[in-house]
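Just so we're on the same page: letters track the sequence lines, and every chain starts at 1. The figures that follow rest on heavy atoms only: side chains count, while hydrogens, waters and symmetry mates do not.
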Amino acid sequence: MKITFAEGLAKALYESLAADPRVLLIGSNFMGLNTAAKQLMNPLVSEFSNRIMAAPVSELGLAGAGIGAAMAGRRPVVDINTGSFIFQAFAQVVNEAANVHYMSGGQTSAPVTFYCLAGIRGGGGAQHSHRTQAMLGQVPGLQILTPGSADDAYYLMKWALLESRNPTVFLSHSLLFGETAELVPGAQMLPVGQARIRREGRDVSIIASSITVMRAMAAADELEHKHGISAEVVDLRTIAPLDENTVLQSVARTGRAVIADECHRRFGVAAEIAAILAEEGLALLKAPVRRVTVPDVPIPYSPTLEAELIVTKERIVTGVLRVMGR
Amino acid sequence: MKITFAEGLAKALYESLAADPRVLLIGSNFMGLNTAAKQLMNPLVSEFSNRIMAAPVSELGLAGAGIGAAMAGRRPVVDINTGSFIFQAFAQVVNEAANVHYMSGGQTSAPVTFYCLAGIRGGGGAQHSHRTQAMLGQVPGLQILTPGSADDAYYLMKWALLESRNPTVFLSHSLLFGETAELVPGAQMLPVGQARIRREGRDVSIIASSITVMRAMAAADELEHKHGISAEVVDLRTIAPLDENTVLQSVARTGRAVIADECHRRFGVAAEIAAILAEEGLALLKAPVRRVTVPDVPIPYSPTLEAELIVTKERIVTGVLRVMGR
Amino acid sequence: MIMSTAATEPLGRMAAMLRIRRFEEQCIRLAQAGQFRGHYHIYIGQEATAVAACAALVAEDFVFTTWRNHGHMLARGAAPERMLAEILGKAGGYAGGKSGTLHLAVRDLGILSTSALVGGTLPLATGAALACKQRGSGITVCFFGDAALEEGALYEAMILASLWQVPILFVCENNTMPPGQRARGQSPSSRLPANRLADIPEALRVTSEEVDGADADALNECLARLAAQVRSSGGPRYVEVHSGRWPGNFLSWPDLPGGEWQIAWAFGQQSDHADLAAWLEQSDPLNRYLRKLVAAGTLDRAQAEAMDERARAEMAGAVRFALDSPYPPPDEAYQHVYAQGGQAR
Amino acid sequence: MIMSTAATEPLGRMAAMLRIRRFEEQCIRLAQAGQFRGHYHIYIGQEATAVAACAALVAEDFVFTTWRNHGHMLARGAAPERMLAEILGKAGGYAGGKSGTLHLAVRDLGILSTSALVGGTLPLATGAALACKQRGSGITVCFFGDAALEEGALYEAMILASLWQVPILFVCENNTMPPGQRARGQSPSSRLPANRLADIPEALRVTSEEVDGADADALNECLARLAAQVRSSGGPRYVEVHSGRWPGNFLSWPDLPGGEWQIAWAFGQQSDHADLAAWLEQSDPLNRYLRKLVAAGTLDRAQAEAMDERARAEMAGAVRFALDSPYPPPDEAYQHVYAQGGQAR
Ligand SMILES: Cc1ncc(C[n+]2csc(CCOP(=O)(O)OP(=O)(O)O)c2C)c(N)n1
Ligand SMILES: Cc1ncc(C[n+]2csc(CCOP(=O)(O)OP(=O)(O)O)c2C)c(N)n1
Ligand SMILES: [Mg+2]
Ligand SMILES: [Mg+2]
């Protein structure tokens, strides 16, 4: 069965509500401004209305209520809406949810999911385009999911709602909504915390997540056809846990690493991957690591300015050519 | 003149209020719970009471008011109190202050300073011990100051209040309050954005900031006397701007790098430094980079547990011995 | 140039409202023609509020607004061509294309920076009012929507404004449902559990009142009086303006149901869009004010049409300017991250 | 074991309050002896509130508290020795030393996790109340200080509780200044500009009342009634408890001005610490309740002394347990970052 990313989300939400009466939606605007995708929520909203809570514009309160309900035995998913609004809820996400299990000495856990429609979406401008995965990566106790494909959107959301026992930030991306994947009935998901080799290669590893996965795949195609370079694409899938081993094993095979990531360059996801390589994989490297990231500049509104900053297929190709010494 | 770190702060605040009528204190608890240090604020509070605003427990509101006052021509410093409370104010600091200049196309600037008494202070536990410099490093538009010495506490605070034209997060550390330095009257401060070589060395570069500077210095002493290893200590002073060049030049001389940093390991300041080395300094490295950081664990209350996690002189020594192959 | 003076006279107010209406219609046309992307917000039906508030201001005052800022910008004197260029992300815009519609700002008009975060604008405005108090002159007007009362930021800002007694006029533009049109027991805003929103600032010792957003004269009296009180007392005031939501705003993406507004609608002709007809009758401040001026003999149809012709011509020129303005060169993306001077090296 | 039942009778309530008082005194002694580090907060003078509120609860109910949690923990039935061990950061503590005083919690008593962030506890408690509503039983009590009204989090939580109609009892413990002792025009809390704090929840349609925190009987009646209303209506209630701040709390670090509380003070003897003497007379719920029970003939001095002896002995034992408990081994620091099961590999 072929599904889109947006369908995968809606299907996971629907099936989770159906499977476990403890699952609770706090807010219901998971599809953001996408009028077409919003229709996918209709069956849910009508069938499970008593487990869908109306949400005022109170991100901090909603996040906290999600945490409290989770501590008290429910399995809520809180709709944060545009990912940038998680800053409104930061005190609760970072300094309550993440600490509950540890501070209580393991007595209480808080299996709450924060759903964010994050990333540079086109015209979002400085206040609506954040990618918070690296910032949140500084917060032990949180799980951070960054699906880059429709099947992972489905599997990871279902895992967060039905299985996870910890607070989870689910970072969705509206530019992925139309991406499709084959969903094999009865198939097992790759374990959470394991990166996925989306394409094998010999010359260079491109490490990606979320929106950069599809762009890395396109770059790998072009590298093969135009430049005869064989690129391996590693899809991290989750930022916490972070699968160091798969990254190191891939670079052990290829000897070169380009990290394609939508965070800002400084202190972004690419920095951590590069640091892992500098600390644990130095001997594997035949060339300096290269980060292909968003420059350290707020996201401007204008299309020409935004285009200058984003991580495109072309920029990934250029990064790879550079580490290949071309 | 010898001053302590706490005296440096109070002196900078006093002199700034005296020098520029636009300087404004929003809150006045810069010394936190340190009853002795609090006395240092008395002259200020009595002399400039009309420019010291009473502060309710409203971090978000206070931060926003500081930004608004700065946009309208004042030079406020907002007392965030314990650094962890910046999460309450995150929406304003990260998504308003940092964007003002850029979003307005350079029309408006917001020279506001957010003062945080941050870090692992002993017994602060999971909710009062945060180090936010790496998270904030993902936010272009912010300046992030992390003084590690009394003279820098004085100079950097004065610079933020009197000269800077941009929003600044000043990360103070209560375990530094007693540290002393010589303040040479009329001396010039090292430019902001330039790291300081605190001690020259040949064998290894220890890169530090804030509280880890003094611990790195102590480690360098021990390495010299007990192990005959000559360590160079680089004090970053500021996290944004980040002085890549001084780091690269130091490692060019020593060939080895240990990064001593109080952030959590994943996505911390040490990750960015290691990434710079992997990207720009690979050829300089005679050994893998080593991060000496706080493990990815919330900060526990118990003294034995906290002691297990902090970046001590001993752990820095161990890290250096490791990169020296001993 | 701050245009508020002319707008203190009835004809000036009518013209100012009409300019906003014609601007917004062009904006919708440009969006629907794919000339810009992203979501945007339209001020149709609330024009009288911006015009009345800005008429009460002087040059040194500050104005804070939100994503729904076009009307406030125009009423304060912003140039429509530079606004439209900005909305299109063009180099000729006020921020050279960096802000787009959501963050339109004109420092020279005291509109320092515009937040598009619900509630975000209130602490900023409170700080600007603190600056007014410190320098000893000027006041700040802060516009926001009713959903801001769902954000903690509003409460913290109001606490500070009240505690510090700073000169700020909070203008809550409630475009949900005017009291008369609400079902019994229904919330007075989108989702806030309250019987009367103005009780909230009152509980924090901010004197509050309510006014009908479709009645331009009432608004003018009310906002002039409150601004004067803020100016003389130095403390905060709060007003809730009730507007009947314009039918084009019921959708996620603004539309022009029933087409552009027509002068003829104020002269007895009916719009054939039923929702719109009811709204024009009860809730449209422009339609109602024009009818009132005509009834009072202040304006006749020919004069109204001439006034409209000028507004249309101005906005057509603004559209041309915006379309002709080039996109900024890519390198411009790296400018203005940090203000220069006194700066880190 | 949840001890609330005994505390519904006058002698049980007196004993429960006395246990809290003696616990807190030991806590101060341990801090002053350097047995633990970091700041801490003491519940002396507020004992009657925790005792009355917890007496109204049943096992399945949830309790949320703050940094000032010792009294709530004890009233709900927590073991003093495990609390003190936790406060000292010892392995025998409820969180094995991970929480310290600031985050004391006992899941088995429905105290799931304790936030030490001003206002932070209110959204969490509202969520637990939502869980009660979803499962169809139980209520949540949420204790917080008056400064929480300065945080936006409180307003957002109250909006949600009111909108969703969840079974929560908000207990604001205002220890700033009781109405009678305030100068005219002075704020009813630390810094909040308001005439009456209870107007705030009222504006958000949460029914509110006020009660004297020094009057144990009034508190008992009030909190029992409100808890019952929450239980039957399923919606929120709010109560503000006025306590005269205990003189030991005026400092950053708690102290015992005038020394440990003495039974003799309730029998005509005067404390020679003037502030304390006035406070005992007007504001101490313990001193006042003991006098009341004695006057009513419910208790005589010998019985009171015997009751006190038991409390002192219990707390002395708790101190020994805490001091004897080992520190956790360093490796324990790495446990409990993530809950196991259903987990990422
Ligand atoms: C913090 C935050 N949360 C959510 C949003 C998304 N958002 C944009 S406009 C809006 C509704 C605002 O309603 P209101 O304040 O009444 O203003 P109106 O648009 O009706 O004028 C929302 C929820 C946002 N911009 N910021
Ligand atoms: C978000 C946040 N800001 C500031 C603090 C520091 N702080 C700890 S207790 C306290 C005062 C709280 O007063 P109140 O709520 O009245 O409670 P009380 O201690 O008087 O019982 C403050 C400001 C904090 N813990 N959390
Ligand atoms: Mg509205
Ligand atoms: Mg208090």
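Residue with the most contacts toward chain D among A:S109, A:P21, A:A54, A:A91: A:A54 (heavy-atom pairs, distance under 4.5 Å). Ranked by heavy-atom pairs shorter than 4.5 Å toward chain D, the options A:Q92, A:R51, A:Q107, A:E96 are led by A:Q107. Counting heavy-atom pairs under 4.5 Å between each of D:L104, D:V106, D:T114, D:I111 and chain A puts D:V106 at the top. Each of D:G100, D:G97, D:A105 has some count of heavy-atom pairs under 4.5 Å with chain A, and the biggest count is that of D:A105. In terms of heavy-atom pairs under 4.5 angstrom with chain A, the leader among D:G119, D:G120, D:A153, D:G138 is D:G120. With chain A as the partner, the residue from D:G152, D:G93, D:A95 showing the most heavy-atom pairs under 4.5 Å is D:A95.
Remark: A:Y154 pairs with no residue by the ring pair (Phe, Tyr, Trp, His ring centres under 6.0 Å) rule, at least two apart or across chains. Remark: D:D61 engages D:R231 in a salt bridge (Lys or Arg N to Asp or Glu O under 4.0 Å) (not counting sequence neighbours).
Nearest heavy atoms, D:G341 versus A:R165: O-CG, 3.1 Å. Of all the heavy atoms in A:M71 and D:R107, the pair that sits closest is O-NH1, 3.0 Å. The two residues D:Q335 and A:Y102 have their closest heavy-atom pair at O-CE1, 3.2 Å. Residue D:A131 comes nearest to A:A72 through the heavy atom pair CB-CB, 3.5 Å, listed as atom of the first residue, atom of the second, then distance. Between A:P56 and D:I159, the shortest heavy-atom distance links the atoms CG-CG2, 4.1 Å.
For chain D, no part of A:N99 is nearby; none of its heavy atoms comes within less than 4.5 Å. Residue contact with chain A, scored on non-hydrogen atoms closer than 4.5 Å, is absent for D:T140. Interface remark: D:F62 contributes side-chain atoms only to the contact with chain A (heavy atom separation under 4.5 Å). Of the atoms belonging to D:A116, not a single heavy atom falls under 4.5 Å from chain A. Looking at D:F64, the atoms closer than 4.5 Å to chain A (heavy atoms on both sides) all sit in the side chain, from C-beta outward.
With hydrogens and angles ignored, the 3.5 Å screen pairs no side-chain donor or acceptor of A:R22 with any backbone N or O of D:R135. At least one donor-acceptor pair under 3.5 Å links the side chain of A:T108 to the backbone N or O of D:L112.
Taking CE from A:M53 and CD from D:Q134, the interatomic distance works out to 6.5 Å, rounded to the nearest 0.5 Å. The structure places CG of D:L102 at 9.0 Å from CE of A:M103, a figure rounded to the nearest 0.5 Å.
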I'd like a table of donor-acceptor pairs (distance under 3.5 Å, sequence neighbours excluded) in which one partner is a side-chain atom from residues 57-69 of chain A, with atom names and distances.
| residue | atom | partner | partner atom | Å |
| --- | --- | --- | --- | --- |
| A:S58 | OG | C:E150 | O | 2.6 |

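Listed in order of number, the residues of residues 121-130 of chain D that approach chain A to under 4.5 Å between heavy atoms are D:P123, D:L124, D:G127, D:A128, D:L130.
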